[in-house]
Asks: 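Quick one: this structure, given as structure tokens, is what I'll be asking you about.
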Amino acid sequence: MLSQRYPPYSNDKKNYLSKRRFFKKYEHLNPNYKAQADPAYKAQYNYDLRLIILRHAERVDQFLGQDWYDQVFGGVPSAPSQAYRHPMLPQRLPPRPNTLLYVFDPPITRTGEQYSTSKGQQLSRVGAIADYCYSSPASRSVLTANAILKGMNRTNVPIRLEPYLFEPMNWNSALLLLDQMNPFMSTAEWKKTGYNIDQRYHRLNNYINTNENETGYYIRSRNVFDAIERHHGDSLPRVHYGQSPRRRTTILIVGHASSTEMFSTIALRQPFDAKELVDQSAKVSYLHSVVLERDAYTRTWYLRPFLL
């Protein structure tokens, strides 16, 4: 009669630790080791809050030149409706009782609108789809945000107009000529032309100090960043070490050349330097984007350089 042989006793924990030491010894040979050790690499798996910050698309005044208003609207404040069908303008540019305000609040070009839609499609292909959208009240930013959401197939996401996302006021000395007149369109004016604007959103402030410098811009940008993180991030459940976040939120923010630089400075807790902001903003191209992700466990922000 054959005797039954039982397998030898196996200490699973001991084997696991032994294998762990073995692979730890040689993990540096993994070509992705350095990338995986980077906190930004880990953030792409552990993030609970993602910000996609973009500069607006190509400005029509920068493309056509200083006399663009005469070329498009014939220099007439009460321009006829056919003027809005100019081939260089976006497909649905809201009509204004006084078109002269577009001199202070220039829109994007039709080409810029098309590129914005393509940018939205590109973001969508890599899984960066907006759950919420904030925009500077400048027409160039709102039109860009609308086109990006279209490219993402997220036109159902309403755009929240936030005046504090506008660029530094000392970069816009021409606005001082308007005195107390607001150059930007209201929510109602955008809605009337069919744009999906969030009417229930409460802006941080409708007033921006006309004498503001870069330091003042930093302070209000800090207020915007903190408000967005508090509103969207505090409601997300805490994640313990080793767990994956159950819910992730992606927020699209469309502003200006200064926006990508400023939000990166704030999120990464870097010292603010006014001269550096000016220098770096001058190098930012149209539709340039920065992606910031917050680690769900440490609640620390990281720059995501390899999403796009």
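These numbers come from a predicted model, not from an experiment. The figures that follow rest on heavy atoms only: side chains count, while hydrogens, waters and symmetry mates do not.
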Asks: Starting from Y207, can I reach L161 by hopping between I/L/V/M/F/W/Y residues whose side chains sit under 4.5 Å apart?
Replies: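 No; tracing contacts between hydrophobic side chains, which count when under 4.5 Å, never links both residues.
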
Asks: Do any N or O atoms from the side chain of S116 and from the backbone of I148 form a donor-acceptor pair under 3.5 angstrom?
Replies: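 Checking the backbone N and O of I148 against the side chain of S116, no donor-acceptor pair under 3.5 Å is found.
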
Asks: Got a donor-acceptor contact below 3.5 angstrom from the R55 side chain to the T260 backbone?
Replies: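 Looks like no, no N/O pair under 3.5 Å.
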
Asks: Show your reasoning for whether side-chain hydrogen bond (donor to acceptor under 3.5 Å, both in side chains) applies to Q62 and W68.
Replies: CA-CA 9 Å; Q62 295 293 326; W68 78 271; over 6 Å; no

Asks: List the atom of F263, the atom of L292, and the distance in Å for their closest heavy-atom pair.
Replies: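 Where F263 meets L292 most closely, the heavy atoms are O-CD1, 3.7 Å.
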
Asks: Would Y134 and Y201 count as a close aromatic pair, with their ring centres under 6.0 Å?
Replies: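 Yes, close enough.
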
Asks: Quick test of your reading of the model: are R248 and D48 salt-bridged, counting only N-O distances below 4.0 Å?
Replies: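 Looking at R248 and D48, the cut-off is not met.
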
Asks: If you group Ile, Leu, Val, Met, Phe, Trp and Tyr by side-chain heavy-atom gaps below 4.5 Å, do I52 and V284 land in one group?
Replies: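 No; tracing contacts between hydrophobic side chains, which count when under 4.5 Å, never links both residues.
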
Asks: Flag the pair H288 / L54 as yes when at least one side-chain heavy-atom distance between them is below 4.5 Å, and no otherwise.
Replies: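 The answer is no; the side chains never approach within 4.5 Å.
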
Asks: So, do F166 and Y217 have ring centers that fall under 6.0 Å from each other?
Replies: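 No, the ring centres sit 6.0 Å or more apart.
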
Asks: Counting N and O atoms only, with roles assigned by atom type, does the side chain of D273 sit under 3.5 Å from a partner on the main chain of E276, one being a donor and the other an acceptor?
Replies: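 Yes: the side chain of D273 pairs with the backbone of E276.
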
Asks: Would you check, one step at a time, whether the test side-chain contact (heavy atoms from CB on, under 4.5 Å) holds for V290 with L303?
Replies: CA-CA 8 Å; V290 166; L303 181 67; 3.5 Å; yes

Asks: Hey, does E261 have a side-chain heavy atom less than 4.5 Å from the side chain of S281?
Replies: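 Yes, close enough: below the 4.5 Å cut-off.
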
Asks: Hey, what's the ring geometry for W190 with Y195, parallel, tilted or perpendicular (30° and 60° as the breaks)?
Replies: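 Because their plane-to-plane angle is over 60°, the rings of W190 and Y195 count as perpendicular.
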
Asks: What distance do M185 atom CE and K191 atom NZ have between them, rounded to the nearest 0.5 Å?
Replies: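 Output value for this atom pair is 14.5 Å.
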
Asks: Go through the steps for F184 and V142 under the test side-chain contact (heavy atoms from CB on, under 4.5 Å), then give the verdict.
Replies: CA-CA 10 Å; F184 307 127; V142 181; over 6 Å; no

Asks: Measure centre to centre between the rings of Y115 and Y286, then say whether the value is under 6.0 Å.
Replies: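 No: the rings miss the under 6.0 Å criterion.
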
Asks: With side chains defined as the heavy atoms from C-beta onward, is the minimum distance between L51 and I253 less than 4.5 Å?
Replies: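 The answer is yes, as the side chains (C-beta and beyond) meet within the 4.5 Å cut-off.
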
Asks: Using a strict cut-off of less than 4.0 Å between a Lys/Arg side-chain nitrogen and an Asp/Glu carboxylate oxygen, indicate whether K275 and D279 qualify as a salt bridge.
Replies: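 Yes, K275 and D279 are salt-bridged.
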
Asks: Taking salt bridge (Lys or Arg N to Asp or Glu O under 4.0 Å) as the definition, give me every residue that meets it alongside D226, ordered by chain and number, with sequence neighbours left out.
Replies: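 So D226 forms a salt bridge (Lys or Arg N to Asp or Glu O under 4.0 Å) with R222.
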
Asks: When clusters are formed by joining ILVMFWY residues with side-chain heavy atoms under 4.5 Å apart, either directly or through shared neighbours, do I228 and L204 land in the same one?
Replies: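 Linked within one cluster.
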
Asks: Test your reading of the model: is there a side-chain donor-acceptor pair from Q71 to the backbone of L64, 3.5 Å cut-off?
Replies: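 Yes, because the side chain of Q71 sits within donor-acceptor range (under 3.5 Å) of the backbone of L64.
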
Asks: Does NZ or CZ of R160 come closer than 6.0 Å to the centre of the six-membered ring of Y132, within 45° of the ring's axis?
Replies: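 Negative - R160 is either too far from the ring of Y132 or too far off its axis.
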
Asks: When you measure from the side chain of S141 to the backbone N and O of G255, does any donor-acceptor pair fall under 3.5 Å?
Replies: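 Flag set: sc S141 to bb G255 pair under 3.5 Å.
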
Asks: Please report the interatomic distance CG(L252) to OG(S289), rounded to the nearest 0.5 Å.
Replies: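 Output value for this atom pair is 10.0 Å.
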
Asks: Pair W301, Y47 - check ring pair (Phe, Tyr, Trp, His ring centres under 6.0 Å), show working.
Replies: CA-CA 9 Å; W301 288 91; Y47 80 90; 9.7 Å; no

Asks: If you measure from the Lys or Arg side-chain nitrogens to the Asp or Glu carboxylate oxygens, is any gap between E212 and R220 under 4.0 Å?
Replies: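 R220 and E212: salt-bridged.
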
Asks: Go through it in stages, so that I can follow the logic: the residues are R299 and L49, the test is side-chain contact (heavy atoms from CB on, under 4.5 Å), and I'd like the CA-CA distance, side-chain angles, deciding distance and then a yes or no.
Replies: CA-CA 9 Å; R299 300 266 166 131; L49 193 59; over 6 Å; no

Asks: Would you mind checking if E167 and R140 are paired as a salt bridge, meaning a charged N to carboxylate O distance below 4.0 Å?
Replies: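 Between E167 and R140 there is a salt bridge, with a charged N closer than 4.0 Å to a carboxylate O.
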
Asks: Determine, stepwise, if the pair R294 / Y302 fulfils side-chain contact (heavy atoms from CB on, under 4.5 Å).
Replies: CA-CA 6 Å; R294 190 183 73 170; Y302 299 103; over 6 Å; no

Asks: Could you report the tightest heavy-atom contact between M152 and I129, atom names first, then the distance?
Replies: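 Heavy atoms only, the tightest pair is SD-CA, 4.1 Å.
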
Asks: For N223, does the CG atom sit with more than 12 other heavy atoms under 6.0 Å from it, leaving out its own atoms?
Replies: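 Enclosed.
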
Asks: What are the two closest heavy atoms between N98 and P77, and how far apart are they?
Replies: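 Here N98 and P77 meet closest at OD1-CB, 3.3 Å.
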
Asks: Look up atom CD in Q270 and atom OG in S264, then write down how far apart they are to the nearest 0.5 Å.
Replies: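 Between Q270 CD and S264 OG, I get 7.5 Å after rounding to 0.5 Å.
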
Asks: Carefully, step by step, assess Q66 and D61 under the rule side-chain hydrogen bond (donor to acceptor under 3.5 Å, both in side chains).
Replies: CA-CA 6 Å; Q66 293 183 347; D61 59 331; over 6 Å; no

Asks: Going by an N to O cut-off under 4.0 Å, is there a salt bridge joining E162 and R203?
Replies: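 So E162 does not pair with R203 through a salt bridge.
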
Asks: Does some side-chain heavy atom of F63 sit less than 4.5 Å from a side-chain heavy atom of M88?
Replies: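 They are in contact (side-chain heavy atoms under 4.5 Å apart), so the answer is yes.
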
Asks: If we only count heavy atoms from C-beta on, is the N209 to M169 side-chain gap below 4.5 Å?
Replies: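 With C-beta onward as the side chain, the pair stays apart.
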
Asks: Where the side chain of N196 meets the backbone of T155, is there a donor-acceptor pair that is under 3.5 Å apart?
Replies: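 Pair found, side chain donor or acceptor close to backbone of T155.
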
Asks: Please check if F225 and I208 belong to a single hydrophobic cluster, counting links between Ile, Leu, Val, Met, Phe, Trp and Tyr side chain heavy atoms closer than 4.5 Å.
Replies: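 In one cluster: yes.
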
Asks: What are the two closest heavy atoms between T99 and Y69, and how far apart are they?
Replies: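 Reported closest heavy-atom pair: OG1-OH, 2.7 Å.
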
Asks: If you round to the nearest 0.5 Å, how far is OG of S136 from CG of L165?
Replies: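 Output value for this atom pair is 6.5 Å.
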
Asks: Can you tell me how far the CD1 atom of I53 sits from the CD1 atom of I251, to the nearest 0.5 Å?
Replies: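 One gets 9.5 Å once the value is rounded to the nearest 0.5 Å.
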
Asks: So for atom CD, which belongs to Q82, do other residues, nucleotides or ligands contribute more than 12 heavy atoms lying within a distance under 6.0 Å?
Replies: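 Yes.
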
Asks: Check the pair D105, S139 against side-chain hydrogen bond (donor to acceptor under 3.5 Å, both in side chains), reporting the backbone distance first and the verdict last.
Replies: CA-CA 6 Å; D105 182 27; S139 66; 3.3 Å; yes

Asks: To the nearest 0.5 Å, how far apart are CZ in R92 and OG1 in T193?
Replies: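 The CZ atom of R92 sits 7.5 Å away from the OG1 atom of T193.
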
Asks: Strictly distance-based, threshold 3.5 Å: is any side-chain N or O of E113 a donor or acceptor partner for the main-chain N or O of A147?
Replies: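 Such a contact is absent between E113 side chain and A147 backbone.
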
Asks: For P158 and I197, which heavy atoms make the closest approach, and how far apart are they?
Replies: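 Where P158 meets I197 most closely, the heavy atoms are CB-C, 4.2 Å.
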
Asks: Check whether any side-chain heavy atom of Y84 lies under 4.5 Å from a side-chain heavy atom of V72, and answer yes or no.
Replies: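 They are not in side-chain contact.
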
Asks: Please report the closest heavy-atom contact between A130 and L149, naming both atoms and the distance.
Replies: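 Minimum heavy-atom contact is CB-CD2, 4.1 Å.
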
Asks: Is the shortest heavy-atom distance from the side chain of N213 to the side chain of P168 under 4.5 Å?
Replies: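 They are not in contact (no side-chain heavy atoms under 4.5 Å apart), so the answer is no.
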
Asks: Name the orientation class of the two ring planes belonging to H256 and H56 (parallel below 30°, tilted from 30 to 60°, perpendicular beyond 60°).
Replies: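 Rings of H256 and H56: perpendicular, as their planes differ by over 60°.
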
Asks: Hey, does N156 have a side-chain heavy atom less than 4.5 Å from the side chain of R154?
Replies: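 A side-chain contact under 4.5 Å exists here.
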
Asks: Quick one: does N172's side chain have a donor or acceptor within less than 3.5 Å of a partner on L175's backbone?
Replies: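 No; judged by distance alone, with no hydrogens or angles, the pair does not exist.
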
Asks: I'd like to know if V76 and L93 are part of one continuous hydrophobic network [Ile/Leu/Val/Met/Phe/Trp/Tyr, side-chain heavy atoms within less than 4.5 Å].
Replies: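 Looking at the clustering, V76 is in a separate group from L93.
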
Asks: For the NZ atom on K150, are there more than 12 heavy atoms of other groups (residues, nucleotides or ligands in this structure) within a distance under 6.0 Å?
Replies: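 Counting other residues, nucleotides and ligands, NZ of K150 stays at 12 neighbours or fewer.
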
